[in-house]
There are 2 protein chains.
Amino acid sequence: MTSDSEQKRTCGCERVPEQTVSRLPVYRRCLMQASAIGVQVINSLQLAQMAGTNAAQVRKDLSYLGELGTRGIGYDVAALRGHLSEVLGVGERRRVALIGFGRLGGSLLGYRGFFERGFDIVAVFDVDPVRVGTLVDWHGAVPKGLTVRSIEHIERDLLDLDVEIVMLAVPMEVAQVMAERVVRGGVSAILNFAPVALELPEHVLVRSVDMSTDLQVLSYHLSRQG
Amino acid sequence: MTSDSEQKRTCGCERVPEQTVSRLPVYRRCLMQASAIGVQVINSLQLAQMAGTNAAQVRKDLSYLGELGTRGIGYDVAALRGHLSEVLGVGERRRVALIGFGRLGGSLLGYRGFFERGFDIVAVFDVDPVRVGTLVDWHGAVPKGLTVRSIEHIERDLLDLDVEIVMLAVPMEVAQVMAERVVRGGVSAILNFAPVALELPEHVLVRSVDMSTDLQVLSYHLSRQG
DNA sequence: TTATGTGAAGTGCTTCACAGCA
DNA sequence: TGCTGTGAAGCACTTCACATAA
């Protein structure tokens, strides 16, 4: 190991390509599955097949994080998983709030995957007075006794609860306004489910999930090769 | 207009970059919004601002589809929207089936956006006998009287119903098997909500939606700039 | 011998800058 | 004059091919 690669591992100053970052969670999940069936060492080809990519890509991606493998052998599953968890910032748990307790919001709460991957939903907000006060701890994926809050004091609540990430599952008409309030609540990462481009300060991280866009992309390809 | 650009428009043989394709639905949605407030002509900068990109990108993207604008003026909103609908293959309606009527599947059915964008959910399947037979036409987004079907004869049902696209909202453990059955049902486009890489024949189109991956990407960036 | 780590080559997308038209 | 359409330049990611190390 050169002092140069030591640099990479310890300081993390190296720029990791955005597309590599979005594959890291996939690798991490594959390693969990490998662990679960007792695999202790894995090579780039095996990992690639689980993740749906190719061996060269896996090696390149992982090399951005340091020299994590052993030549002639492969990667230690437990060690690599730990490393990825750390890099992804899910070593400790992350505090997440959900805004919008409609049909979509409700289904998000029911998804165990968030909890299993290090995310705790610590608050749920909704405008609708009928929904406010509803108990939402039905799955063990959220803390006992969590109830839906009014959005009235959302800025203060988000600050008090030290929320880092917000899942925004509100109608598109109100998404921009709610996003701005969320930012005033000290949150700088938003997972947006509304089909609108949010305009927010530079420093705020936004990722959007839009299923109907994906459907339309499928439709496009169907139109010419189906 | 040159005979060369005429080629593009009529034959559609030009290869459109994948990333451009995934922005087309966004442009289409923005044009709908523009129409709704009475805008008849729009230029690349305005469209870019609505879509969350830049003017050069918009012009480049649209130029792959032909010469759709008027120099010195901009783009005709209605004409461009129609063109995008056609290119995206949502000129006529698309027949979609949902597999998995759990929490996520249920919330997908409640989303009007699919219907509004040209997709009709013509069938819902689930393994759970308790759910089979449930009436799901609660929103007008699906045909009157639609009930949950058993997956027992899903291959035959998909063929009979002429389903083109499947939304796969089942637990990850059964996703691969269900995907294979879906393909045997003549479907060649799948929107996959399970966090696994589906291994399917070359000709099958797959897009995956994985919210926990997006959360982890946000977490990564929070860890180093937050 | 085997499998990683990595410069270099290849590919594809974005941005620039301006020619081309209305 | 104003805005589109587009080669060309720039940038980023992927793939290759092999030196490197166990």
Side-chain angles (χ1 to χ4, degrees), chain A residues 1-9 14-24 26-27 31 34 39-77 79-80 83-84 87 217 220, chain B residues 1-9 14-24 26-27 31 34 39-77 79-80 83-84 87 217 220:
Chain A
M1 184 186 305
T2 67
S3 68
D4 194 50
S5 71
E6 185 64 22
Q7 274 281 316
K8 271 186 226 165
R9 178 178 299 185
E14 282 283 320
R15 199 192 141 275
V16 180
E18 194 59 27
Q19 316 238 34
T20 293
V21 173
S22 62
R23 277 187 298 266
L24 297 182
V26 180
Y27 298 146
L31 292 167
V39 175
Q40 296 188 335
V41 173
I42 197 168
N43 66 36
S44 57
L45 181 58
Q46 296 168 314
L47 188 48
Q49 282 167 344
M50 294 183 76
T53 178
N54 64 70
Q57 182 82 82
V58 168
R59 291 202 301 277
K60 191 63 145 185
D61 285 342
L62 297 180
S63 76
Y64 288 112
L65 314 178
E67 297 197 358
L68 306 177
T70 308
R71 296 175 197 221
I73 306 291
Y75 300 89
D76 181 274
V77 172
L80 183 53
H83 217 96
L84 288 177
V87 168
V217 171
Y220 170 87
Chain B
M1 184 185 303
T2 66
S3 68
D4 194 49
S5 70
E6 186 63 23
Q7 274 282 314
K8 271 187 229 167
R9 179 178 297 185
E14 282 284 319
R15 200 192 140 277
V16 180
E18 195 57 28
Q19 316 239 33
T20 293
V21 172
S22 62
R23 278 188 297 267
L24 298 182
V26 180
Y27 298 146
L31 292 168
V39 175
Q40 297 189 333
V41 174
I42 198 168
N43 66 35
S44 58
L45 181 59
Q46 296 168 314
L47 187 48
Q49 284 167 343
M50 293 182 78
T53 179
N54 64 70
Q57 182 82 81
V58 168
R59 291 201 302 277
K60 192 62 145 184
D61 285 342
L62 297 180
S63 76
Y64 289 111
L65 313 179
E67 296 196 0
L68 307 176
T70 309
R71 296 173 198 223
I73 307 290
Y75 300 88
D76 181 273
V77 172
L80 183 53
H83 218 96
L84 289 177
V87 169
V217 172
Y220 171 88

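Since we're looking at a predicted model, the values are computed, not measured.
- Counting to the nearest Å, the P atom of D:dA21 and the CD atom of A:E67 are 9 Å from each other.
- The base of D:dT20 sits with one of its N or O atoms less than 3.5 Å from a complementary donor or acceptor on the side chain of A:R71.
- Rounded to a whole Å, the CD atom of B:E18 is 16 Å from the C1' atom of C:dT14.
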List the steps and the verdict of side chain to side chain contact (heavy atoms under 4.5 Å, CB included) for B:L31 and B:Y75.
CA-CA 10 Å; B:L31 292 168; B:Y75 300 88; over 6 Å; no
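- Atom NE2 in A:H83 sits 15.0 Å away from atom OH in A:Y27 (nearest 0.5 Å).
- In this structure, A:T20 and A:G72 both approach DNA chain D, and ranking their closest nucleotides by distance from the 5' end singles out A:T20.
- Residue B:S44 places at least one side-chain N or O under 4.0 Å from the OP1 or OP2 atom of D:dT4.
- Comparing A:K60 and A:T70, the nucleotide of DNA chain C nearest to each residue sits closer to the 5' end for A:T70.
- In this entry the distance linking CG of B:N54 with P of C:dA17 reads 13 Å, nearest Å.
- Atoms CG (A:L65) and P (C:dG5) sit 10 Å apart, rounded to a whole Å.
- Summarising the geometry, the separation between CD1 on B:I42 and P on D:dC3 is reported as 13 Å, rounded to the nearest angstrom.
- The line from CG of A:L80 to CG of A:L47 is 7.0 Å long, rounded to the nearest 0.5 Å.
- Taken from OG in B:S44 to CG in B:D61, the straight-line distance is 11.0 Å, to the nearest 0.5 Å.
- The side chain of B:N43 sits closest to D:dT4 out of C:dC13, C:dT14, D:dT4.
- Applying the 4.0 Å criterion to OP1 and OP2 of D:dC11, one finds that A:R15 has every side-chain N and O outside that range.
- Counting to the nearest Å, the P atom of D:dC3 and the CD atom of B:Q49 are 13 Å from each other.
- Side chain of B:Q46 to backbone of B:N43: a donor-acceptor contact under 3.5 angstrom is found.
- Contact annotation: B:Q57 reaches the phosphate of C:dT14 (side-chain N/O to OP1 or OP2, under 4.0 Å).
- Listed nucleotides D:dT6, D:dC13, D:dT15 differ in distance to B:R59; the shortest reach to its side chain belongs to D:dT6.
- In this structure, B:Q19 places its CD atom 13 Å from C1' of D:dT14, rounding to the nearest Å.
- Rounded to a whole Å, the NE2 atom of B:H83 is 11 Å from the P atom of D:dG5.
- Using a 4.0 Å cut-off, no side-chain N or O of A:Y64 falls inside it from OP1 or OP2 of D:dT14.
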